[in-house]
> 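Structure in structure tokens, see below.
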Amino acid sequence: MGERNMTMLASEIGFASSHSPDPATAMADVARQLGDAPLAGMLLFCSHRFDRDALARAVNRHSEHVVAIGCTSSGELTEAGYDEDSLSVIGFPADAFHLTSHIFDDIDAFDPVAAREAIRSLAAIADRDSRRLGDAVNHVALFLVDGLSHREELLTMTIQDALGDIPLIGGSSGDGLAFRETAIFEGGRFHKRAAVIAILSTPRPIHVFKAQHYRPGAAKMVVTGAIPQDRIVTEINAEPAAQEYLRLAGHAGEALGLAFYAAHPPMVRAGGDYHVRSIQSANPDGSLTFYCAIDEGIVLTVGEPIDRIAGMETMFADIGAHVGQVDRIIAFDCVLNRIDAEQRQIGRAVSELYGRHRVIGFNTYGEQYHALHVNQTFSGLAIGR
């Protein structure tokens, strides 16, 4: 039994994290912190440095009869704010929640027709099995997808369409900043090239949200050359893409790199709003690889930062207006936001803000909000008490 009493754990969402590098020790530490209160489900985020088979075995030892999903991350959001090299677990108490999940374990062969049927079946099961919680139950879909798959747009649109009125919120798995291999956890093991959808049901108030810390600037860029299937832009304004982007976005002495992409994100107007289209890397041939779908003819503008702390205080006030007293905010926060906060030397202030507003979650390679796959947002699910 953990240090917090079972009555408290039964009434609020559990959270625990461990920095032990040994998977068995880390999961045992987490289980001790969570205590013995029955759980309806677990959501876990972990450093890519863990031995995944060993971690899966450790999770399974401590989650019998509990639906457990999760993914590798590019950093974790714990009660300390920005964190890393940890195993972090969210525990949904059985007296107030129901969780059911479905894995797409080969998203390179993703079949939208079959997927819609699977999702509709999952929603029906969630509706049936959560009736024990009362007459007025809210549902939300938690979505985790391989952040290197280039399949997020197709999956997000297909799944949200099949979900109907159930809102989708989620994030793309990471592997630090290695960009080599990420993994999704479901059904007791880690999967490559996969995605998991889980429907969380509760009578408590819930609210999904999306916020970004940038506004469109004056500089305009037209994509004049692209390899859409690889998310590569070869030309901007009929010039080599990397060179032209640096010219329009940069200042004397600046060089391309993750910090630069985070500080000067390209944005595109869609659906009456501006969305970030983040850059992952500049390539030796002068092209740029993006985290999001990109194509010829798209007009981009260079984003400019807003006052992040003030903007987030307003956002948290709005969340409170929707759900009342917040139990937890499960956040999907782009890793580029973290890099930019560190560059601007506001990382500690952001961490303090997250801690004060009970934010937990992970740093992503992209975020999913309803039918959109987006970049460089702070998106999430707020759950009231």
Side-chain angles (χ1 to χ4, degrees), residues 1-47 50-71 73 76-80 83 86-101 125-126 129-134 137-140 142 144 185-190 196 198-206 325-331 355 358-362 381-385:
M1 177 63 190
E3 294 163 9
R4 306 163 78 189
N5 66 56
M6 283 181 61
T7 305
M8 178 68 77
L9 282 165
S11 63
E12 71 175 28
I13 295 167
F15 180 75
S17 66
S18 173
H19 290 89
S20 172
D22 176 66
T25 304
M27 190 59 206
D29 188 18
V30 162
R32 180 190 58 78
Q33 293 174 56
L34 287 174
D36 300 325
L39 297 177
M42 289 168 49
L43 186 56
L44 66 94
F45 306 116
C46 64
S47 166
F50 281 107
D51 179 303
R52 290 172 194 166
D53 290 339
L55 181 56
R57 289 193 296 272
V59 171
N60 293 339
R61 277 197 296 274
H62 294 280
S63 61
E64 193 174 359
H65 307 305
V66 174
V67 174
I69 66 165
C71 67
S73 75
E76 299 78 54
L77 305 176
T78 69
E79 290 169 330
D83 211 331
S86 78
L87 168 65
S88 297
V89 177
I90 300 165
F92 298 104
D95 65 351
F97 293 90
H98 177 268
L99 189 70
T100 184
S101 67
I125 291 167
D129 292 351
S130 63
R131 286 176 191 163
R132 65 174 177 81
L133 297 172
V137 176
N138 299 308
H139 306 282
V140 62
L142 301 173
L144 302 171
F185 185 83
E186 199 270 354
R189 66 186 183 92
F190 283 96
V196 62
I199 298 180
L200 181 69
S201 307
T202 180
R204 296 188 185 182
I206 60 174
Q325 188 179 9
V326 170
D327 185 343
R328 292 288 186 182
I329 294 172
I330 300 171
R358 297 179 62 79
V359 172
I360 48 180
F362 80 107
L381 167 67
I383 303 173
R385 287 193 181 275

> Can you sort out the partners of Asp29 under side chain to side chain contact (heavy atoms under 4.5 Å, CB included), two or more places apart, ordered by chain and number?
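Testing Asp29 for side chain to side chain contact (heavy atoms under 4.5 Å, CB included), a comparison that skips the adjacent residues, returns Ser18, Arg32, Gln33.
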> If you measure only the distance, is there a donor-acceptor pair under 3.5 Å linking the side chains of Ser201 and His139?
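Ser201 vs His139: donor-acceptor pair found between side chains.
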> Mind running side-chain contact (heavy atoms from CB on, under 4.5 Å) on Ile360 and Ser88 for me, showing each step along the way?
CA-CA 9 Å; Ile360 48 180; Ser88 297; over 6 Å; no
> Indicate the ring-plane relationship of Phe92 and Phe97, choosing parallel, tilted or perpendicular according to the 30° and 60° boundaries.
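Because their plane-to-plane angle lies in the 30° to 60° range, the rings of Phe92 and Phe97 count as tilted.
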> Please list, chain by chain and in numerical order, all residues satisfying side chain to side chain contact (heavy atoms under 4.5 Å, CB included) with Leu39, sequence neighbours excluded.
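For Leu39, the residues satisfying side chain to side chain contact (heavy atoms under 4.5 Å, CB included) (neighbours in sequence not counted) are Leu34, Met42, Val66.
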> Check the pair Arg328, Glu79 against salt bridge (charged side-chain N to carboxylate O under 4.0 Å, His left out), reporting the backbone distance first and the verdict last.
CA-CA 11 Å; Arg328 292 288 186 182; Glu79 290 169 330; 2.8 Å; yes
> Can you name the ring pair (Phe, Tyr, Trp, His ring centres under 6.0 Å) partners of Phe50, sequence neighbours left out?
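Partners of Phe50 by the ring pair (Phe, Tyr, Trp, His ring centres under 6.0 Å) criterion come out as none, since no residue qualifies.
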> Can a donor-acceptor pair be found, under 3.5 Å and without considering hydrogens, that links the side chain of Thr202 to the backbone of Ala96?
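The answer is yes, because a donor-acceptor pair under 3.5 Å joins these two groups.
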> Taking Ile383's backbone N and O only, do any of them form a donor-acceptor pair with Asp327's side chain (distance below 3.5 Å, no angle check)?
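Side chain of Asp327 to backbone of Ile383: no pair is present.
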> What I'd like to find out is whether the side chain of Cys71 reaches to under 4.5 Å of the side chain of Phe185, using heavy atoms alone.
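When only atoms from C-beta onward are counted, Phe185 and Cys71 do not touch, as no gap falls below 4.5 Å.
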> Show the numbers, then the answer: is there a side-chain contact (heavy atoms from CB on, under 4.5 Å) between Leu200 and Leu381?
CA-CA 11 Å; Leu200 181 69; Leu381 167 67; 4.1 Å; yes
> For residues Leu43 and Ile69, determine if any side-chain heavy atom of one lies less than 4.5 Å from a side-chain heavy atom of the other.
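Yes. Closest side-chain heavy atoms under 4.5 Å.
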